[in-house]
Amino acid sequence: MAFPNSNGTEAGPWKLAMEDGKPIKPPVTVKYTKLFINGEFVDSVSGKTFETFDPRTEEVITGVSEATKEDVDLAVKAARAAFDHGPWPRMSGSERSRILNKYADLLQQHSEELAKLETWDAGKCLDMVQGFDLPEAIGNLRYYAGYADKIHGLTLKMNGPYQGYTLQEPIGVCGQIIPWNFPLIMFFLKISPALACGCTVVIKPAEDTPLTALYCAHLSVEAGIPPGVLNVLPGFGATVGAAISNHMDIDKIAFTGSTQVGRLVMEASAKSNLKDVTLELGGKSPLIVMDDFNIDEAVEIATVASFINMGQVCLAGSRVFVQEGVYDEFVKKIVERVKKQVVGDPFKRGVQHGPQVNKVQFDRILKYIQYGKIDGANLLIGGHSLGKKGFYIEPTIFNNVEDDMRIAKEEIFGPVMSILKFKTVEEVIERGNKTIYGLVAGVLTNNINVANRVSRSLRAGTIWINCYLTGGSEWSLGGYKMSGIGREFGPFGLQNYLQVKSVITPIHDSPWL
Ligand code: NAI
Ligand code: MG
């Protein structure tokens, strides 16, 4: 089958959608750029700042105070004092719940400004931030606010003349390190369960996207979260991230990012104080299209799975396995569908595909596109960068992809779909599992037996049947294999921030043992 772009030399059909041919002037100003320690915005000890960039133009947005180890020490000291002596872990769960709900109300009130700040700093499409990221972030905070007064232990029936019960206590001071792909969602996914349990937090946003985290820090004061409970330290991984991971006075670390850095975080924990570790890492997830499934629906689902957020999604379903009976038709239709993606300035209404976050990611994705060609996959559409400025890359699709090609094995974290052909259910289970990762997977079929068999056989933390990327605060997310340790979201997400204490005492002279 011949496709217009199959030799990879022609440009795709996209022109960057802009207003008057220029990037839109950001409709928001930056108010908070300092470190947030013990309830106040402060300069870093070193006085250093770093720059955060607009991925649409590569221009500097603003300088931001740059934390280093000394600032981590100060933030941990504040968080430790707030945990050991402050009101937060000691107040009733319902009072914490009230404050967290007020925090959510304030986020809602400032959502317009927050969304625009997020688009500016991360290059994420404003439509999506407003329609998805912000509601999810606020929803997560409310979800865990609802749990704050429902954290209970068990009464034990002891084997002997004793009474026993368990307490679920907050784990302590939590270090949290988050990435740039969903800055607001990641911020609240991390702090909400921790705060609901009564923990205190030192969180580091990604160096590419510090602005919304600082804005949210400001709102936490207005909500009534006491000083020291939430500390936000913008800065770099090798300095702030490493200082948090190595700190002797942090009890717990939760990290989202690359598998490579996840390994460093765990190693640092082992070498310091054996702090408890939750890791949400990379993925290379299979989306399986069986030939009995509605092809147009499959095409829509696959488009979202690979291209949402410019493919900068750890859950991306970027290995699309298509059964041989519908393979040719799927290939034809997905190309036509992807041509309709609106690529352009993420501030512009209707734009679905903006720039990648930074130059490093941009170069890395283009390198993988080259690997795809070198390794012998067929470039169906896309493959080029777009525009003279900014980190725009076309939605890109390869077919005839083989399991051992680099684009089929390694996480690209960009808008690149690989289509692989398969014959049987046994074969696709085997090939779907042939990866070091195991974050999520999808299967599209009308056959309940196939759906059950595939979902029980794939080694991944979430299996979507006839949908993909669905679920809010209530599901549980986490990886099998090298995709991570632990689960976030939902009731299981609370367990990351609790530890169980047993209390046992003898009972004398009771007839009811
Ligand atoms: P990264 O893993 O380096 O960054 C994530 C966070 O970890 C950032 O806040 C960073 O400052 C911090 N960090 C970096 N080095 C650290 C260290 N030594 N100790 C502690 N914290 C450290 O990811 P990066 O470089 O932004 O992206 C590289 C690749 O990682 C992507 O191409 C993608 O494959 C994967 N990634 C996965 C994410 C996910 O959601 N699971 C999110 C972001 C990236
Ligand atoms: Mg930025």
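Using modelled atom types, one finds no donor on one side chain facing an acceptor on the other under 3.5 Å when comparing Thr396 with Glu394. Between Asn273 and His247, the side chains place no donor N or O within less than 3.5 Å of an acceptor N or O (distance only, hydrogens not considered). When only modelled atom types and interatomic distance are considered, Asn496 and Thr278 share a side-chain donor-acceptor pair under 3.5 Å. Between Thr52 and Asp121, the side chains place a donor N or O and an acceptor N or O closer than 3.5 Å (distance only, hydrogens not considered). With 3.5 Å as the limit, one finds no donor-acceptor pair spanning the side chains of Tyr437 and Glu411.
Counted within 6.0 Å of CZ on Arg349, heavy atoms from surrounding residues, nucleotides or ligands total more than 12; the atom is thus considered enclosed. Residue Met266 places its CE atom among 12 or fewer non-hydrogen atoms of other residues, nucleotides or ligands, all under 6.0 Å distant. Environment of CZ in Phe492: sparse, with no more than 12 heavy atoms of neighbouring residues, nucleotides or ligands closer than 6.0 Å. When the shell of 6.0 Å around NZ of Lys348 is examined, it contains more than 12 heavy atoms from other residues, nucleotides or ligands. Enclosure of atom NZ in Lys150 by more than 12 non-hydrogen atoms of other residues, nucleotides or ligands within 6.0 angstrom is indicated.
For Tyr103 and Phe188, the ring centers sit closer than 6.0 Å to each other. Separation of the Phe413 and Trp180 ring centroids falls under the 6.0 Å cut-off.
The SG atom of Cys197 sits 4.5 Å away from the CG atom of Leu494 when rounded to the nearest 0.5 Å. Taking CG from Leu100 and OG from Ser192, the interatomic distance works out to 7.5 Å, rounded to the nearest 0.5 Å. Note that the CD1 atom of Ile397 and the CE atom of Met417 stand 5.0 Å from one another [nearest 0.5 Å]. With rounding to the nearest 0.5 angstrom, the SG atom of Cys199 is 10.5 Å from the CD atom of Glu169. Atom-to-atom distance recorded for Cys125:SG and Glu118:CD is 12.0 Å, nearest 0.5 angstrom. Of the inter-residue distances, the one linking Ser318 atom OG with Glu410 atom CD reads 11.5 Å to the nearest 0.5 angstrom.
Under the side chain to side chain contact (heavy atoms under 4.5 Å, CB included) criterion, Glu300 pairs with Arg337, sequence neighbours left out. Arg96 meets the side chain to side chain contact (heavy atoms under 4.5 Å, CB included) test with Trp88, Met91, Ala148; sequence neighbours excluded.
For the pair Lys190 and Tyr497, the cation does not sit on the ring face, since its NZ or CZ is not both under 6.0 Å from the ring centre and inside 45° of the axis.
The existence of a salt bridge linking Asp105 and Arg142 is confirmed by a sub-4.0 Å separation between a basic side-chain nitrogen and an acidic carboxylate oxygen. One finds a salt bridge joining Asp363 and Lys359 here, because a Lys/Arg side-chain nitrogen approaches an Asp/Glu carboxylate oxygen to under 4.0 Å. A salt bridge is defined here as a Lys NZ or Arg NE, NH1 or NH2 lying under 4.0 Å from an Asp or Glu carboxylate O, and Asp20 with Lys22 fails to meet this definition. With salt bridges taken as basic N to acidic carboxylate O contacts below 4.0 Å, one links Arg80 and Asp251. The existence of a salt bridge linking Glu112 and Lys116 is confirmed by a sub-4.0 Å separation between a basic side-chain nitrogen and an acidic carboxylate oxygen.
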Side-chain donor-acceptor pairs under 3.5 Å in residues 225-240, sequence neighbours left out?
{"unit_1": "Asn231", "atom_1": "OD1", "unit_2": "Asn38", "atom_2": "N", "d": "2.8"}
{"unit_1": "Asn231", "atom_1": "ND2", "unit_2": "Val201", "atom_2": "O", "d": "3.1"}
{"unit_1": "Asn231", "atom_1": "ND2", "unit_2": "Gly228", "atom_2": "O", "d": "2.9"}
{"unit_1": "Thr239", "atom_1": "OG1", "unit_2": "Phe236", "atom_2": "O", "d": "3.2"}

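When every heavy atom of Tyr32 is checked against every heavy atom of Leu214, the shortest pair comes out as O-CD1, 3.5 Å. Considering all non-hydrogen atoms of both residues, Val277 and Lys252 come closest at C-NZ, 4.0 Å.
Each of Thr462, Leu315, Val440 was evaluated against Ser285; a single residue qualifies, Val440, per the side-chain contact (heavy atoms from CB on, under 4.5 Å) test.
Taking the six-membered ring where the residue is Trp, Tyr468 and Trp464 present tilted rings, their angle falling between 30° and 60°. The aromatic rings of His353 and Phe307 are tilted relative to each other, their planes meeting at an angle between 30° and 60°.
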* From CA spacing to verdict: salt bridge (Lys or Arg N to Asp or Glu O under 4.0 Å), Glu59, Arg56 -> CA-CA 8 Å; Glu59 283 164 13; Arg56 303 172 312 145; over 6 Å; no
